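Worksheet: one structure, shown below.
Counting convention: from 1, in listed order, for ligands and their atoms alike. Computed from a prediction, not measured in an experiment: that's the story for all the values here. As a basis for the values below, the full set of heavy atoms in this structure was taken, side chains included, without hydrogen atoms, waters or symmetry mates.
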Amino acid sequence: MENSRFLRACRRLPVDCTPVWMMRQAGRYLPEYRALREQHSFWEMCKTPELATEVTLQPLRRFDLDAAIIFSDILVPVEAMGAPFEFIESRGPVLEAPVRTAAAVERLRVVEARETVPFVMEAIRLLRRELDGRVPLIGFSGAPFTLASYLVEGAGSKQYQHVKTMMYAAPDIFHTLMRKITEVVISYLDAQVEAGAQVFQLFDSWVGCLNRDDYREYVFPYNQRIFRALAGRGVPMIHFANQAATLLDLVRDAGGDIIGLDWRIDLDTAWEIVGPDRGVQGNIDPILLFAPVETIRNRTARIIRQADGRPGHIFNLGHGILPTTPIDHAKALIDAVHELSAR
Ligand code: CP3
């Protein structure tokens, strides 16, 4: 397994061709996923190890993917801290009570993931057995700022008004919130690795709304603490920050063996910033999967040229695959990556 294409690339070792997976590869663009979702709620799927295992495996039956990612949501451990969500179709999880005051932050519990979300670890153990060494399994967590944003906003947001107001107007409350989330994230990722996750990815999907000074002050110390705490666990760590082209050097310094890129920056420019001692993951625009296959192949070739055979490139979308994506185009992308990068 240590010799898999994916884990070798994570360690910046030479590979026969570039490994590829897709963020949100288990999800609504697959009819077999939608069929299961008609019978079960989203949270039920996240919390039932057999269902999470089945959904994780679905895309691997269709495509020649180089890794599996445990099916779950970034909000699973947050709910366990004492912030219940309601899942509203076509909108997503909505917090029953947004966390906006010192008292609300005080009430959040710093939980031990092994005790509060054991179903995630059970799904990981099941998956390792099912995968039986075929491809490595990726664990994941939301990063503290992204999770804090969801808790304070209470749902998805365009402006991040409430969380940034807390940051600027009540920094002590914000820092307390970040400290608590950070401890939970460490416990959660540590438990996933212990259960069998062979790599993990920290998703900082929303951090791109911050400037560099704010990133340094409000985000960097927490992300750095997570990577330092888990560095000794022996698994490669992927640090994905979305819309973060202006923050990339800071993201790299916060930690991670592989830096995940969105599509807004050229891969070669990004790798210059990240430096030769880290790998990079990315970075095709998920919307390109709606273009003709020829265009998908051309853009894939361009990214592979930008990587220029350097060890440590993992191919991925710049963010999650969209529910309306044509499946044959997803397959065309994955096959194109392998074909066009074959050494
Ligand atoms: O790559 C992966 O497969 C990892 C799993 C993952 C999911 N969501 C699964 C999911 C990750 C990393 C997320 C991220 C996430 N989830 C964020 C960060 C922003 C981002 O997009 O990266 C946020 C804010 C959430 C909360 C959430 N969960 C929302 C807003 C929604 C509904 C809208 C949407 O984009 O789907 C979900 C549902 C969700 N999370 C689904 C999946 C596969 C779809 C569930 C369904 O309706 O069947």
Side-chain angles (χ1 to χ4, degrees), residues 20-48 51-60 63 65 67-79 83-95 98 117 120 123-124 127 137-158 160 163 181 185 188-189 192 197 199-209 238-244 260-263 281-282 286 314 316-325 330:
V20 53
W21 68 283
M22 297 184 295
M23 287 187 263
R24 300 262 183 119
Q25 64 193 20
R28 281 164 298 178
Y29 73 109
L30 294 175
E32 58 271 34
Y33 175 90
R34 293 195 301 269
L36 212 55
R37 265 286 269 126
E38 272 172 29
Q39 300 162 41
H40 308 277
S41 73
F42 179 62
W43 290 131
E44 191 185 348
M45 301 224 316
C46 290
K47 292 177 183 176
T48 312
L51 292 174
T53 297
E54 165 59 22
V55 171
T56 301
L57 294 172
Q58 284 176 345
L60 288 122
F63 314 126
L65 289 158
I69 178 163
I70 172 79
F71 176 79
S72 188
D73 191 75
I74 60 164
L75 299 177
V76 162
V78 169
E79 190 188 35
F85 291 90
E86 193 187 346
F87 193 86
I88 297 174
E89 290 304 328
S90 81
R91 185 154 178 230
V94 176
L95 214 64
V117 291
V120 175
I124 289 173
L127 273 163
L137 178 62
I138 306 171
F140 74 88
S141 173
F145 180 78
T146 297
L147 295 176
S149 298
Y150 218 90
L151 276 173
V152 178
E153 299 295 334
S157 171
K158 282 209 173 76
Y160 306 94
V163 68
I181 295 172
V185 168
Y188 187 42
L189 287 171
Q192 290 182 52
V199 180
F200 70 77
Q201 174 157 315
L202 192 72
F203 282 84
D204 219 347
S205 304
W206 286 358
V207 79
C209 70
I238 306 174
H239 187 176
F240 170 68
N242 185 35
Q243 294 212 34
L261 307 169
D262 68 36
W263 65 90
Q281 175 175 278
I314 293 163
N316 203 323
L317 311 177
H319 201 179
I321 189 167
L322 293 165
T324 45
T325 303

>> I'd like the name of whichever of Phe203, Phe42, Phe85, Phe140 reaches closest to atom 5 (C) of ligand 1 through any heavy atom.
In response: Phe140
>> Suppose I only count heavy atoms of Ser205 and a 4.0 Å limit; which atoms of ligand 1 are within that range?
In response: 18 (C), 19 (C), 20 (C), 22 (O)
>> Test side chain to side chain contact (heavy atoms under 4.5 Å, CB included) on Phe71 and Leu51; report intermediate values, then the result.
In response: CA-CA 9 Å; Phe71 176 79; Leu51 292 174; over 6 Å; no
>> Testing the basics here: between Val94 and Ala155, what is the closest heavy-atom pair and its distance to 0.1 Å?
In response: CG2-CB, 4.3 Å
> Is a side-chain N or O of Gln25 found less than 3.5 angstrom from the main chain of Ala67, in a donor-acceptor match?
Replying inline: yes
> Can you name the closest pair of heavy atoms from Pro286 and His319 and give their distance?
Replying inline: CG-O, 3.6 Å
> Quick one: does Ser72 get an N or O within less than 3.5 Å of an N or O on ligand 1?
Replying inline: no
> Taking both backbone and side-chain atoms of Gln25, is any N or O found less than 3.5 Å from an N or O belonging to ligand 1?
Replying inline: no
> Taking it one step at a time, do Val20 and Phe63 satisfy side chain to side chain contact (heavy atoms under 4.5 Å, CB included)?
Replying inline: CA-CA 10 Å; Val20 53; Phe63 314 126; over 6 Å; no
>> Quick check: closest heavy atoms across Ala68 and Leu60, and the distance to 0.1 Å?
In response: CB-CD1, 3.6 Å
>> According to side-chain hydrogen bond (donor to acceptor under 3.5 Å, both in side chains), does anything in residues 28-39 pair up with another residue at least two apart or in another chain? List the pairs.
In response: Glu32-Arg62, Arg37-Glu89
>> Quick check: Asp73 and ligand 1, any N/O pair under 3.5 Å apart?
In response: yes
> Which atom names give the shortest non-hydrogen contact between Asp262 and Gln243, and what distance separates them?
Replying inline: OD2-N, 2.5 Å
> Near Pro93, which atoms of ligand 1 are under 4.0 Å from a heavy atom of that residue?
Replying inline: 26 (C), 27 (C), 28 (N), 29 (C), 30 (C), 31 (C), 37 (C)
> So which of Arg28, Gln201, Met23 gets nearest to atom 34 (C) of ligand 1, if we judge by its closest heavy atom?
Replying inline: Arg28
>> If I compare all heavy atoms of Thr146 with all of Asp204, which pair ends up nearest, and what's the gap?
In response: OG1-OD1, 2.6 Å
>> Just to be sure I'm reading this right: ignoring hydrogens, which of Arg24, His40, Met45 gets closest to atom 35 (O) of ligand 1? Compare them by their nearest heavy atoms.
In response: Arg24
> For ligand 1, is there an N or O atom under 3.5 Å from any N or O atom of His319?
Replying inline: yes
>> Test of understanding: given a 4.0 Å heavy-atom threshold, classify the contact between Leu75 and ligand 1 as side chain, backbone, both, or neither.
In response: side chain
> Which option, Trp206, Tyr33, Trp43, owns the non-hydrogen atom nearest atom 48 (O) of ligand 1?
Replying inline: Tyr33
> What atoms of ligand 1 come within less than 4.0 Å of a heavy atom belonging to Arg37?
Replying inline: 46 (C), 47 (O), 48 (O)
>> Taking 4.0 angstrom as the limit and counting only heavy atoms of Ala26, give me the atoms of ligand 1 inside it, by number and element.
In response: 43 (C)
> Is Tyr150 close to ligand 1, meaning an N/O of one under 3.5 Å from an N/O of the other?
Replying inline: no
>> Testing Phe145, Tyr150, Phe240 one by one against Trp206 for a ring pair (Phe, Tyr, Trp, His ring centres under 6.0 Å), which residue passes?
In response: Tyr150
>> I'd like to know if the side chain of Ser141 reaches the main chain of Val185, judged simply by a donor and an acceptor atom lying under 3.5 Å from each other, with no hydrogens or angles considered.
In response: no
> Which of the atoms in ligand 1, numbered in the order shown and given with their element, are less than 4.0 Å from a heavy-atom of Gly92?
Replying inline: 31 (C), 32 (C)
>> Heavy-atom distances under 4.0 Å decide this one: backbone, side chain, both or neither, for Glu89 against ligand 1?
In response: neither
> Where is the nearest protein heavy atom to atom 17 (C) of ligand 1: which residue, which atom, and how far?
Replying inline: Ile74 CD1, 3.2 Å
> Taking only heavy atoms of Phe71, which atoms of ligand 1 are found under 4.0 Å from at least one of them?
Replying inline: 43 (C)
